[in-house]
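Here is how names work: the chains are called A, B, and so on, in the same order as the sequence lines, proteins then strands, and each is numbered from 1. Please read these numbers as outputs of a predicted model, since none were measured by experiment. Atoms considered below: every heavy atom in the structure, side chains included; atoms not considered: hydrogens, waters and symmetry mates.
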Amino acid sequence: MFSAALKKGSVELLLLSLLQDEPRHGYEIGKMIEERSGGRLRFRISSIYPILCRMEGRGWIEGRWVEKPGERRRRFYRLTAKGEEALAAQRRTWHEFTRAVNLVVEPSHA
Amino acid sequence: MRDWKRYVREHLPLPDIEGSLEVEVVEEIAIQLEDGYRAARARGAGEEEAEAEALALIGDWSTLARDVQGSKRFARAPRIEHRVEDREFAIRTRGGSWVPVADMLRDLRLAVRRLRRAPAFGAVVVLTLGMGIGANTAIFSLVKGILLDPLPYEEPERLVAVLNTAPGVGEEVLPQSAAVHFTYEDESRLLEAVGLYNRFDVTVLGLDEPVRIPSIYVTAGTLPTLRARPLLGRLFSAEDATPGTPFTVILSYGYWQNQFGGDPEILGRTMSIGGEAREIIGVLPRGFRFLEHDPAVYLPFRFDRSSLTVSNFTNPSVARLREGATLEAATADLARLMPVAVEKFPGGVTLAFLEEARGAPLLLPLKETIVGDVGDVLWVLLGTVGIVLLIACANVANLFLVRAEARERELAVRRAMGAKRRQVAGQFLVESVLLGLLGGVVGLGLAHAGLRLLVAIAPANLPRLDEVSLDPVVLIFTLCISIISGVLFGLFPVLRWGHADLVNALKEGGRGSGAGRERHRTRNALVVGQITLALVLLIGSSLMVRSFQAIRRANPGFRNPAEIMILGVSVTSEVAESPDAIVQTHEAIAHRLAEVPGVTSVGSSSSVTMDGRAGWDPIFVEDSPLPEGQLPPTRRFKWIGAGYFETMGNPIVAGRTLGWTDIYNRARVVLVTENFAREYWSDPAEAIGERIGTGMAPGNWREIIGVVGDVRDDGVTQDPVAIVYWPMLLEDFWPEIRGDEPFVALTQFYAIRSPRVGTAGFLREVKEAVWSFLPNRPLTNVQNLEDMLRGSMARTSFTLVMLGIAAAVALLLATVGVYGVISYVVSQRTREIGVRIALGAGSSTVTGMVVRQGLFLAVIGVALGLAAAYGLSRLMTSLLFGVSALDPLTYAMVAVCLTAIALLASYLPARRAARVDPMEALRAE
């Protein structure tokens with residue numbers, strides 16, 4: 001429903017936002033994006049997973065294997081302090097960007 | 001349900017991610033697919049439908065693989081590389097003169113990345129260089145610690161050894177006489193301080209059993225000469241050194257710690273040394289060593305000045321020159337004082353004798369006398385390991401050239417795109433210097449380990465070994481040779497590609513078959529250089545092997561040293577009063593020792609071979625009168641009991657041996673060594689019955705009753721010394737000094753021959769045999785003659801081992817070098833060889849063609865090497881024994897062997913060439 005380019009630019013922000021509340025694993029993250037967007041946003045594993053890897057490489061998030069009773073072990077990711085900073089910065093940029101875009105695309109009321 | 005892990009592994013290629021991480025990635029993706037599958041099934045989807053839905057979560061597997069591998073999480077050393085990249089960018093934006101710095105950082109980053117992609121190449125280079133650099137670091141730290149560093153005393157350049165020389169009586173170097181010393185101390189104008197010293201073992205009583213400890217006897221001026229300052233208490237005063245005053249002692253720091261637990265209240269306590277209660281008056285600071293000695297205690301000499309004469313030149317002396325005084329001026333000053341000493345202390349050497357003997361003071365820089373000739377060995381070793389490093393660099397340069405060739409096209413394109421020569425060169429040099437530095441790090445580790453090994457195998461008489469360490473100067477040395485090595489081998493590709501024919505390189509399409517001659521010239525030169533250097537080292541080590549063989553063949557003046565044990569016993573006046581009683585005690589000990597089970601023979605002497613305890617004096621020969629007033633050369637003296645020659649295994653060449661009866665009868669007889677006999681008489685047998693004597697003038701004759709075989713008394717690597725053997729009890733011996741008192745050698749060293757020597761039980765039984773006679777008598781110099789022999793060969797065997805290792809490494813590297821080059825040539829000429837074989841060339845023709853090329857390089861290298869060895873091996877003349885530095889046999893054998901090895905190294909690739917399948921070779925193009 002949205003173009004790939006549009007989606008790609010926002011993945012990092014989406015993932016960071018979801019991990020802000022609590023640690024989550026990969027499949028869960030994909031499902032939550034789908035649910036919270038009311039099905040409008042859908043990402044494949046092949047889109048999310050490399051970004052997780054990349055953000056972990058930068059030290060924004062931290063992955064840990066967790067085994068819950070009766071389930072297979074999964075890798076849970078949580079936000080690091082550095083990730084919090086990155087999230088705040090990205091949010092700011094996003095808001096400024098959308099406001100700027102809105103200012104341009106919405107009919108002028110002046 | 002599907003095995004998702006297996007499915008993922010089959011579809012997700014992750015070659016760049018290392019094992020355990022790859023397993024995690026596979027597991028993590030598999031669990032997500034499984035979650036998707038389960039969710040679909042939970043919604044009621046069928047198996048196939050659910051699987052399809054799960055797989056839809058992936059989309060494109062290869063994109064996923066690429067993205068995962070590209071993420072920083074799996075980069076092997078991501079942080080540093082990215083940080084360097086950021087820094088490089090920041091520096092570059094500063095512009096101007098910063099750009100080259102940024103370039104260098106970029107080159108460094110790229111070099112690291114390239115090496116990470118070729119770990120085997122990197123490892124080989126770093127290890128090769130590491131060995132070379134490590135060897136150089138280790139040997140340099142020896143050279144520095146032993147030869148270059150100043151002595152560890154204040155203003156050490158003003159310290160001198162005070163010796164005498166008397167060429168008129170054949171004595172080049174003599175220690176000091178107390179009488180002369182006191183004259184210097186009182187009257188010299190250019191000595192700030194001067195002291196006598198000597199090393200003796202002393203017995204400490206009052207402990208569980210008597211203990212022998214090393215001590216240094218000093219005069220009051222000795223320790224101040226070295227500017228020693230006591231940690232506790234004081235140094236010796238002139239009073240301490242005067243007879244009749246209370247006995248005193250100063251402790252070394254180590255002995256104070258070990259024996260007294262570092263008791264701070266130690267001053268004023270007494271300890272019993274040599275039967276005298278001595279007050280402890282001082283402790284020397286930690287780390288203070290007395291020249292090459294590390295004694296437990298220091299004791300004052302107590303000379304009675306009124307009875308001294310200018311004689312008895314036995315104690316070493318050390319002095320400190322006054323500020324600004326030169327060695328020459330000080331020598332002249334002391335020369336003025338020698339006659340003064342003769343007048344002040346009459347009764348010894350006369351002015352006439354002094355003139356006749358051309359007696360004069362001899363001042364030498366103290367360091368020179370401590371270090372001695374060990375410099376010869378160390379400089380040769382440093383040169384040797386330097387050559388090994390050069391060979392290693394040549395090998396690495398060859399590897400580098402091959403790698404650079406693979407990048408020829410890339411480099412040509414870069415040059416064509418406008419990269420400056422400097423930039424291309426920078427790339428090579430940054431990479432090579434990086435490798436050099438890594439090699440340096442490995443080298444330091446190897447040097448650290450190697451030094452421990454070196455210290456363990458180094459001859460015990462290598463001085464100042466405890467001062468050797470990897471200190472900052474050595475580290476700087478290592479850094480420098482690492483960088484120089486890096487530049488050295490990095491320069492070859494730079495020279496080759498700095499001005500390469502780029503157009504050709506591009507035209508050839510990287511096939512690189514045509515530029516043959518010019519390309520191989522560098523490589524061939526490197527191999528020739530390697531062979532040349534290896535030949536020099538092989539000749540050096542072969543000469544050492546031949547020396548070693550010659551030493552083993554040389555007759556040292558004894559047989560089967562492994563069966564001989566040495567042990568010293570002093571019989572002093574508190575045990576036996578009269579001279580005869582002393583001899584009887586020694587005879588009784590000899591008999592008791594002979595009764596120990598397994599002992600085949602026992603003999604004794606005041607000095608055994610190689611122990612350096614012998615005395616010396618002039619020997620007149622009745623048969624060969626000298627002009628009035630002229631003195632004959634001095635000869636080495638030993639005073640023996642019965643059975644000494646028989647036990648040592650030294651043959652009686654003529655006449656007879658000495659028996660106990662001769663000794664008790666105070667018979668006027670002597671024995672001499674064969675070389676002495678031959679000096680005066682053509683045949684040793686003619687010496688029997690002739691008479692010789694010692695003293696200030698001819699006379700006091702004694703009859704030669706026997707001539708014994710020559711003895712290498714200064715060690716097996718030294719020429720035999722002429723020795724005169726006297727009975728251990730003598731009447732009328734040096735009446736000029738002794739008057740009527742008979743002479744008796746109180747201390748005898750027993751040689752005990754038995755196949756049981758070396759077993760612990762034997763040593764105990766031998767000691768008990770002595771103690772059953774003289775309870776608690778300390779035994780000195782208990783050792784095996786074999787060990788003494790080994791000690792005297794230590795320097796030669798040490799040099800042999802070191803040169804041998806260096807030569808082996810050199811040979812290995814050179815062989816690899818030849819093999820590598822010939823292999824490379826073969827691989828480059830595969831097509832040409834294929835054509836030749838297709839045109840009918842037999843396999844022997846092809847093999848011969850390739851081998852000839854190797855042979856050509858080998859012959860040039862060997863020829864150059866022979867010339868270089870001819871020039872260089874003379875430097876090691878002083879290390880050789882019984883073989884000339886230009887020994888033709890050694891040169892010929894080494895040349896033939898090295899050529900043969902080079903032939904073999906080229907034969908292997910040649911055989912491969914002969915097996916080239918022409919069809920394959922042509923098709924490959």
Inset, instruction - With a 4.5 angstrom heavy-atom cut-off, could you sort out which part of A56(B) is near chain A: side chain, backbone, both or neither? - result: backbone

Inset, instruction - Sort R42(A) into side chain, backbone, both or neither according to what part of it lies under 4.5 angstrom from a heavy atom of chain B. - result: neither

Inset, instruction - Quick one: which of A39(B), A65(B), G59(B) has the most heavy-atom pairs under 4.5 Å with chain A, could you say? - result: G59(B)

Legend entry - Trace of the salt bridge (Lys or Arg N to Asp or Glu O under 4.0 Å) decision for R92(A) with E96(A): CA-CA 6 Å; R92(A) 223 168 25 244; E96(A) 274 167 27; 5.3 Å; no

Inset, instruction - Keeping the roles fixed (side chain from R92(B), backbone from W98(B)), state whether a donor-acceptor pair exists under 3.5 Å. - result: no

Inset, instruction - On the 0 to 90° scale, with breaks at 30° and 60°, tag the F400(B)-F489(B) ring pair as parallel, tilted or perpendicular. - result: perpendicular

Inset, instruction - Just say parallel, tilted or perpendicular for the rings of F76(A) and H25(A), cut-offs at 30° and 60°. - result: perpendicular

